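Chain letters run A, B, ... following the sequence lines, proteins first and then strands; every chain starts at 1. Here the structure is a predicted model, which means the values were calculated and not measured.
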Protein chains: 4
Amino acid sequence: MADASIRCVPSATRRSEQSRRAALDAALALVTELPYPRITVDAIAARAGVSKATIYRWWSAKGALVVEALAQQSADRPEEHLVLPDTGDLEADLAGVLRAIVDEMADPSYDALMRALSIESLQDPALRDQVREQIFGVQLEYVERRFAAARAAGQLRDDVGTLEAFELFVAPVFHRWQGATGPLTHAYADGVAARAVRALRPG
Amino acid sequence: MADASIRCVPSATRRSEQSRRAALDAALALVTELPYPRITVDAIAARAGVSKATIYRWWSAKGALVVEALAQQSADRPEEHLVLPDTGDLEADLAGVLRAIVDEMADPSYDALMRALSIESLQDPALRDQVREQIFGVQLEYVERRFAAARAAGQLRDDVGTLEAFELFVAPVFHRWQGATGPLTHAYADGVAARAVRALRPG
Amino acid sequence: MADASIRCVPSATRRSEQSRRAALDAALALVTELPYPRITVDAIAARAGVSKATIYRWWSAKGALVVEALAQQSADRPEEHLVLPDTGDLEADLAGVLRAIVDEMADPSYDALMRALSIESLQDPALRDQVREQIFGVQLEYVERRFAAARAAGQLRDDVGTLEAFELFVAPVFHRWQGATGPLTHAYADGVAARAVRALRPG
Amino acid sequence: MADASIRCVPSATRRSEQSRRAALDAALALVTELPYPRITVDAIAARAGVSKATIYRWWSAKGALVVEALAQQSADRPEEHLVLPDTGDLEADLAGVLRAIVDEMADPSYDALMRALSIESLQDPALRDQVREQIFGVQLEYVERRFAAARAAGQLRDDVGTLEAFELFVAPVFHRWQGATGPLTHAYADGVAARAVRALRPG
DNA sequence: CGCTAATCGAGACGGTACGTCCCGTCTTCAG
DNA sequence: CTGAAGACGGGACGTACCGTCTCGATTAGCG
């Protein structure tokens with residue numbers, strides 16, 4: 001809960017919150033507007049009305065800025081996370097969330113954001129860890145609650161951890177999205193949910 | 001099996017096979033030696049003893065060259081694919097392959113190749129499609145055979161396609177690799193196989 | 001009169017006159033169409049419908065081809081040389097020729113040709129010599145006749161050679177053209193002629 | 001005398017004088033060391049310890065840089081201009097300067113500089129104008145003074161402008177240098193001076 | 001409340017890699 | 001067995017970003 005922003009050396013009290021927001025907003029906007037490799041620090045600085053020096057004073061590189069921007073957005077809008085409802089019917093709850101994810105993936109902006117995150121994660125282990133903790137971790141927490149309830153209701157095997165369960169229904173969708181290896185439809189989402197539940201069912 | 005080499009514009013008859021191989025080999029070598037963003041077209045050209053113009057004559061960019069190099073390697077060494085054995089025990093067969101995959105992912109060279117492929121796929125839809133068809137597709141074919149046998153043996157549900165089955169056991173591993181969200185151990189591989197088989201079992 | 005074309009090694013008997021003319025014509029055409037540095041051997045070859053290899057077989061470089069093309073034209077159209085009339089009035093005869101030169105210099109094509117010649121002469125001593133002998137020399141011969149007549153008529157000092165006399169009325173115009181240091185008008189031409197004649201007059 | 005440095009677009013206040021001098025000096029040095037076409041922007045940048053981008057930020061091309069370098073040198077060393085002495089004997093004064101010019105033309109460095117200037121002037125009208133104003137113009141001014149004195153002393157015709165007078169003794173030498181059409185000796189210089197004076201003499 | 005030092009915008013700088021263009025050579029293939 | 005077509009290695013081009021830096025101008029917070 002404490003301020004996680006142990007980031008850079010400079011005094012940090014003097015830091016202009018205005019510049020910081022401008023940079024993050026500009027980064028976010030550009031990520032949805034341009035193919036990722038065409039986003040440059042110069043462009044972000046220009047769009048934000050901020051100097052390049054200011055950006056490099058507070059972030060180590062383009063990637064760190066982009067990842068922080070996305071984490072920030074993720075923190076600002078908790079409703080967009082994987083908030084699993086609990087109707088008692090695990091498969092239906094999962095299917096609902098997967099349908100929502102599939103719908104979101106069709107949105108070019110969301111697609112662009114995901115792409116940016118993935119690229120930076122793949123290029124820099126430090127950013128990958130940051131993504132895992134600040135974005136993936138948050139999502140995992142939400143899922144954990146629902147699974148705890150399911151476990152309590154005896155709907156989950158004992159030998160499957162939350163992370164493995166989470167992977168079981170998220171990874172296929174993500175894999176298909178990233179590789180464009182098949183259609184991302186509601187029917188597909190339902191199928192993934194059904195298979196996940198079968199795999200997780202006790203007995 | 002047919003000639004898949006409908007590739008680029010120029011006459012293609014006059015093309016120097018020697019230069020082509022040199023470029024692909026150099027690209028492959030560099031991918032395993034350097035962090036991906038540090039690989040430059042100049043370096044590939046120099047290593048291959050080929051001019052930059054020649055590279056740009058036949059490939060649109062670094063990414064296309066790298067992807068073709070990997071696809072080529074994939075075609076040259078079929079033994080490194082997902083060749084699923086058929087012992088009759090589907091879960092054991094899957095677990096064996098997943099263990100092999102997990103081992104491979106620990107190899108820095110393989111890691112670098114995968115990273116390169118993923119980054120390029122994410123940056124350019126055309127390359128993503130090329131990867132899907134020339135690399136992913138080949139792997140899928142191998143898997144298909146084993147699943148056909150399993151299906152014939154009544155070990156597979158009727159309502160699950162090969163692609164979905166494939167995703168079920170490959171996507172979690174890939175997801176965990178890419179996000180570094182958990183350990184990639186033999187135990188984990190076994191767990192994925194077990195869950196996949198449960199999800200695919202009829203009834 | 002003898003064949004001056006002791007040029008290159010190849011058989012020369014087999015040489016395709018058609019290709020040779022096509023190349024020279026294309027070079028000439030391009031010189032008048034494009035700024036000189038943009039004229040490339042590829043462009044000449046393409047325009048001529050001749051292969052680059054053929055060009056390099058017979059000429060050492062672009063410059064040699066261009067210079068030969070201009071020399072050829074110079075030889076083909078003797079009427080465009082400095083043909084000094086002989087009316088008995090040396091100053092009037094010179095003024096007439098200088099006016100003609102000045103008019104020609106206003107023609108963009110002629111301007112382009114001169115530019116090409118000068119550039120090549122400056123870049124390569126061998127071509128400079130070729131220009132001197134095949135183009136300048138021809139012009140000088142024409143002038144020599146008129147000056148011989150003038151000398152016979154006692155209108156020329158004894159201590160001035162033809163070359164010096166020639167320079168006296170040609171160099172100023174050429175210098176002004178090349179440096180764009182002043183207007184090139186008929187009045188100017190007349191002035192140059194007058195000064196030249198004063199300088200050359202005996203006594 | 002006034003600040004002639006109205007040159008390029010960008011802010012110019014922030015411009016690094018150090019980089020500017022380094023680039024000009026390097027260009028000048030290379031011009032005297034290498035045949036002109038072999039001088040590359042990369043080489044100038046490397047020699048100057050300056051980045052290519054900096055060169056292109058302030059000069060449009062190699063030619064502009066070289067011309068400015070020569071103009072700069074011309075401004076820095078006024079003693080090397082055509083400083084006509086005034087002994088009262090115009091012909092002797094001219095002959096002296098022409099002998100000096102002829103000697104200079106025998107110097108390979110000077111030859112290279114002139115060649116470079118001429119080539120660039122012929123290839124680009126903008127540079128030709130720059131040469132005329134920043135180099136030729138300066139020389140002309142020096143000559144003008146001597147001619148004003150001569151005119152005051154009644155040694156010059158009224159109907160000949162300074163520019164024409166200047167051409168009369170400079171153009172032949174320049175023409176002979178550029179075309180290599182004859183020897184550049186002291187005797188020749190004396191002859192040119194004599195002819196020029198005859199042409200300019202009143203009556 | 002005014003001094004002083006950090007931060008800000010602007011943008012020039014040394015670099016590195018880019019992707020293009022042209023050179024002059026060499027190979028292939030149609031006539 | 002010529003010659004058009006054009007791929008090739010080489011190398012310079014001019015551009016685009018990178019991340020650093022130097023400028024004044026602004027501004028915050030300690031004295």
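Each of A:Lys62 and B:Ala48 has a nearest nucleotide on DNA chain F; the 5'-most of these lies closest to B:Ala48. When each of D:Val50 and A:Val50 is assigned the nucleotide of DNA chain E bearing its nearest heavy atom, the one mapping closer to the 5' terminus is A:Val50. Comparing B:Ser16 and C:Ala45 by the nucleotide of DNA chain F that holds the closest heavy atom to each, the one mapping nearer the 5' end is C:Ala45.
Panel note: side chain D:Lys62, backbone D:Thr40; no donor-acceptor pair is recorded below 3.5 Å.
Within the structure, side chain to side chain donor-acceptor pair (under 3.5 Å) pairs that include any residue of residues 119-128 of chain A comprise A:Tyr36-A:Glu120 (at least two apart or interchain). Every pair passing salt bridge (Lys or Arg N to Asp or Glu O under 4.0 Å) that includes a residue from residues 29-53 of chain C is listed here, sequence neighbours excluded: C:Glu33-C:Arg47, C:Asp42-C:Lys52.
Here F:dG14 presents its P atom at 12 Å from CG of D:Leu65, a figure rounded to the nearest Å. Taking atom CZ of B:Arg20 as the reference point, atom P of F:dG9 lies 15 Å away to the nearest angstrom. Rounded to whole angstrom, the span from the CZ atom of C:Arg47 across to the C1' atom of F:dA5 amounts to 19 Å. F:dG6 atom C1' lies 14 Å from atom CD1 of C:Ile55, rounded to whole Å. Atom CD in D:Glu17 sits roughly 14 Å away from atom P in F:dC23 (whole-Å rounding). The CD1 atom of D:Ile44 sits 11 Å away from the P atom of F:dG14 (whole-angstrom rounding). Residue D:Arg21 contributes atom CZ, which lies 19 Å from atom C1' of E:dA12 at whole-angstrom precision. The distance from atom CZ of B:Arg15 to atom P of F:dA5 is 22 Å, rounded to the nearest whole Å.
Contacts of D:Thr54 classified as side-chain contact (heavy atoms from CB on, under 4.5 Å), with partners at least two apart in sequence or in another chain: D:Ser19, D:Val50, D:Ser51, D:Arg57, D:Trp58. Qualifying side chain to side chain donor-acceptor pair (under 3.5 Å) partners for A:Gln130, counting only residues two or more places apart in sequence or in other chains: none. Applying the side chain to side chain donor-acceptor pair (under 3.5 Å) rule to D:Ser109 yields no partners; only residues at least two apart in sequence or on another chain are considered. Remark: B:Ala46 engages no residue in a side-chain contact (heavy atoms from CB on, under 4.5 Å) (not counting sequence neighbours). Annotation: side chain to side chain donor-acceptor pair (under 3.5 Å) contacts of A:Thr32 (sequence neighbours excluded): none. For the side chain to side chain donor-acceptor pair (under 3.5 Å) test, no residue two or more places apart in sequence or in another chain qualifies with B:Gln18.
Out of F:dC18, F:dA5, E:dT25, the shortest distance to the side chain of A:Tyr56 is found at F:dC18. Checking F:dA7, E:dC8, E:dT25 against every side-chain atom of A:Ser19, the shortest atom distance belongs to E:dC8.
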Mind listing the side-chain donor-acceptor pairs of residues 111-119 of chain A below 3.5 Å, one per line with the distance, residues two or more places apart or on another chain?
unit_1, atom_1, unit_2, atom_2, d
A:Asp111, OD1, A:Arg115, NH2, 3.2
A:Asp111, OD1, A:Trp177, NE1, 2.7
A:Asp111, OD2, A:Arg115, NE, 2.8
A:Asp111, OD2, A:Arg115, NH2, 3.0
A:Arg115, NH1, B:Leu122, O, 3.2
A:Ser118, OG, A:Met114, O, 2.8

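Of the side-chain N and O atoms in D:Ser51, none sit less than 4.0 angstrom from OP1 or OP2 of E:dG15. Checking the phosphate oxygens (OP1, OP2) of E:dT7, no side-chain nitrogen or oxygen of A:Arg57 falls inside 4.0 Å. When the side-chain nitrogen and oxygen atoms of B:Trp58 are compared with OP1 and OP2 of F:dG6, none of them lie within a distance under 4.0 Å.
Of the residues in residues 35-42 of chain B, those placing a heavy atom less than 4.0 Å from an atom of DNA chain E are B:Thr40, B:Val41, B:Asp42, in numerical order.
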- Message: One character per nucleotide, please: for nucleotides 26-31 of chain E, 5' to 3', B when the base has a protein heavy atom closer than 4.0 Å, S when only the sugar-phosphate does, - otherwise.
- Response: B-BS--

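With the end axes of the helix from E:dC1-F:dG31 to E:dG31-F:dC1 each set by five pairs, the angle from one to the other reads 20° at 10° resolution.
To the nearest 0.5 Å, atoms CZ (B:Arg20) and CD1 (B:Ile55) are separated by 13.0 Å.
When each of B:Ile39, B:Leu24, B:Leu70 is paired with B:Leu65, the side-chain contact (heavy atoms from CB on, under 4.5 Å) condition holds for B:Leu24 and for no other.
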